[in-house]
There are 4 protein chains.
Amino acid sequence: MDVTMDDDGTKQQRRGNTRQRIQDVALELFAEQGYDKTSLREIAERLDVTKAALYYHFKTKEEILVSIFQDLTQPIEDLIEWGREQPHTLETKQEIVRRYGQALDDAAPLFRFMQENQATIRELRIGESFKSRMQGLREIIIDPDAPLTDQVRCISALFTLHAGMFVLQDLEVDPEEKRAAVLEVAIDLVTQAHQGG
Amino acid sequence: MDVTMDDDGTKQQRRGNTRQRIQDVALELFAEQGYDKTSLREIAERLDVTKAALYYHFKTKEEILVSIFQDLTQPIEDLIEWGREQPHTLETKQEIVRRYGQALDDAAPLFRFMQENQATIRELRIGESFKSRMQGLREIIIDPDAPLTDQVRCISALFTLHAGMFVLQDLEVDPEEKRAAVLEVAIDLVTQAHQGG
Amino acid sequence: MDVTMDDDGTKQQRRGNTRQRIQDVALELFAEQGYDKTSLREIAERLDVTKAALYYHFKTKEEILVSIFQDLTQPIEDLIEWGREQPHTLETKQEIVRRYGQALDDAAPLFRFMQENQATIRELRIGESFKSRMQGLREIIIDPDAPLTDQVRCISALFTLHAGMFVLQDLEVDPEEKRAAVLEVAIDLVTQAHQGG
Amino acid sequence: MDVTMDDDGTKQQRRGNTRQRIQDVALELFAEQGYDKTSLREIAERLDVTKAALYYHFKTKEEILVSIFQDLTQPIEDLIEWGREQPHTLETKQEIVRRYGQALDDAAPLFRFMQENQATIRELRIGESFKSRMQGLREIIIDPDAPLTDQVRCISALFTLHAGMFVLQDLEVDPEEKRAAVLEVAIDLVTQAHQGG
DNA sequence: TATGAATGAGCCTTCATTCAT
DNA sequence: TATGAATGAAGGCTCATTCAT
């Protein structure tokens, strides 16, 4: 069975999910302290395994991050693919904003991490993936023939969602209300953009 | 004079401006590679001095960053102070956005650095300063009694300016045009916020 | 077995005793040159390992010293405990002196080190332990109601043993004879102290 | 004049006594923290001068210590010289003990420093001086033909004086009383030594 | 009689990584 | 599926010392 009893009675899940546990702890620490400031020693200690054990599951420190990234950003990949196949209508754009907001919410720790560690990420393998994802997002939401201000509005809509997650953390309001407000503003922006200012 | 010729013909300015040169090079490297990834050795080599020389001018690595931060964010400090004394009119808010955009432009490398190294900064001494500056900005631009969406619009305006600097770098348009567009959208947002959606 | 042959024919014991070897070499160097003057590089080189290897076995330089201290001063700890349970007779005191002399002999390099590096030790974690051990020794050998001179005699007895180890090194006599003489004088002192001058 | 008024009204003696002030501060810090742990920066800061200023007055850090040592141990030098010219009577020896005790008292910080930094001193230029001084003291107080125990008693007398200064600091008795007791025990020891146990 | 600026050596420590077991 | 032991590289920092001014 996957569950063993420790001496002190605490249950510990082993067997087969160590890889997952590494990813969980790693993401938690990466988001909390940053990638550079989080050492493998720390991750290993938190899991009560040795550093060497991490190397059984992942080839390098970077690989841990890459694997997390790949697992958690699939929805955005899917969103972009979906977006490419849709007509460039206002409804599509609004739906993209809605879905993107949802995706951010679902993988909040990862995106918080990406947001706060851009300098680090840029030099990592996921840097390019990230950039191209962002580029993809832009393409499905921006009309390249629209006036510049409207293009900016679309970017702004995306950024409003980000801001909603990471900057408005300390705003003392009901999280749900806040989510709704953020979404409304973002949708408003793409709407204005679509309708030409 | 303060200029001497080296063997290889390169000019080297010494005498009293070493401190400034350290700050310049440090900011450049910090912005380029991140704070953690930039070592004092690297800074020193670039200046053709020893690491120890850096320690003559600054007590720690962090102090270098702090000094840069303090020197370059004064305008924003001033802006906040100015904002506090103004009436909360639409014109004031628009002017704040305008001035903030200008300030970001003037110290672009620093703000790019702050944007991309948030995780690092949070644990540094400037973390708090930065947070309180942002808080100050919010206070002078947000009306706490306004509907939540309008508050979000104000934050969004600020973030639009940031996005304009750092995310739209690769947009292939004339920088001046882009600046104008970004500013327009930001001002638009505070205007809508002021007029109640 | 735990012994392997190197290319150059020197034998090297590995496997499980590296920790002990570090302690041995460290104590030797600490005693010879002092704590501050002994660098981890030096210890590592002498053992033909890297500095980092030391850090696998000990968390800090200080920890190396602490571990040596704890391992080697146990007998004195025991002596104090024993002393506390004995009646305050002359025989007891004499026996304490005898045993203390023996303990000093058994861990001579450590005590020589402690003697010669008091300033350094005071600021280290073992400083307090050392002080309280000395205090403990005093308590079991000094009668607090005795005349001051007799109290001094007891301290003096202890110090005579120390002097015997470290100061009389260069006296050109048979070490055994010297040991006996030192012990005799020390016992004499506690005897006089006990009998009231 | 040698006295100037600072802005804040504190008097500062300058001119000609800087050398002396360096020695004073240095000795204080050396005694307090040890030689190695005391940096020239620290000394300079305490005196409110630059490190370079120290180098105007002394060639090296070691020289500062040497100069202090030479200034303060002259009395012991004198004592030894005096001792050599006296007959080896009991009275002489007792007088030597008395004078040595006085000398220790007069330059207590230095001797405390020497006591606690033997490892450091051994490698310094004063190491030899110190050793030969101690050797000199022994020669004038020990009768080389006496039984070993009596020789030990003499050493012990000297060490009792040391112990009196540095180890008995925390004994809660009137310092004068303590001094007297220590001296009595020391004199007792040389007396016993002289009379043959 | 001092300072400002800098150096070279060295120190303790941490890290990602490796590999035999 | 992991561990124990170790490495090589690097990092931030401190120190005694120098020298032109």
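Lettering of chains follows the sequences in order, A, B, ..., and the numbering in each one begins at 1. These figures come from a predicted structure and were not determined experimentally.
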In whole angstrom, what separates [X]'s [atom1] from [N]'s [atom2]?
X: D:F58; N: F:dA16; atom1: CZ; atom2: C1'; result: 16 Å
X: B:Y35; N: F:dG11; atom1: OH; atom2: P; result: 13 Å
X: D:L54; N: F:dT18; atom1: CG; atom2: C1'; result: 14 Å
X: B:I64; N: F:dG11; atom1: CD1; atom2: C1'; result: 13 Å
X: B:I22; N: E:dA6; atom1: CD1; atom2: C1'; result: 11 Å
X: D:I43; N: F:dT14; atom1: CD1; atom2: P; result: 17 Å
X: B:Q33; N: F:dG11; atom1: CD; atom2: C1'; result: 14 Å
X: B:N17; N: E:dA5; atom1: CG; atom2: C1'; result: 12 Å

Mapping B:A53 and C:D36 onto DNA chain E by nearest heavy atom, which one lands closer to the 5' end?
-> B:A53
Would you indicate which nucleotide in [options] comes nearest to any side-chain atom of [X]?
X: D:K61; options: F:dA16, E:dT13, F:dC15; value: F:dA16
X: B:L40; options: F:dC13, F:dT7, F:dT3; value: F:dC13
X: A:K51; options: E:dT14, E:dT3, F:dA6; value: F:dA6

Sub-3.5 Å donor-acceptor pair from the side chain of [X] to the main-chain atoms of [Y], do we have one?
X: C:R122; Y: D:E32; result: yes
X: D:K37; Y: C:A119; result: no
X: B:Q118; Y: B:Q115; result: yes

List DNA chain E stems (3 or more consecutive Watson-Crick/G-U pairs, under 3.5 Å)?
-> E:2-21 with F:2-21
Only one of D:L72, D:D71, D:N17 forms a side chain to side chain contact (heavy atoms under 4.5 Å, CB included) with D:Q23, so which one is it?
-> D:D71
So, is [X] near the phosphate of [N], with a side-chain N or O under 4.0 Å from OP1 or OP2?
X: B:H57; N: E:dG4; result: no
X: A:Y56; N: F:dA2; result: no
X: D:R41; N: F:dT14; result: no
X: C:S39; N: E:dC11; result: yes
X: A:T18; N: F:dT1; result: no

Scanning both residues in full, the closest heavy-atom pair of B:T38 with B:Q33 reads OG1-OE1, 3.2 Å
Contact between [X] and [Y] at the side-chain level, heavy atoms closer than 4.5 Å - yes or no?
X: D:I22; Y: D:R19; result: no
X: D:I126; Y: D:T73; result: no
X: D:I43; Y: D:L40; result: yes

Would you classify D:T50 as touching base, sugar-phosphate or nothing, given that sugar-phosphate means primed atoms plus P, OP1 and OP2, and contacts are heavy atoms under 4.0 Å?
-> base
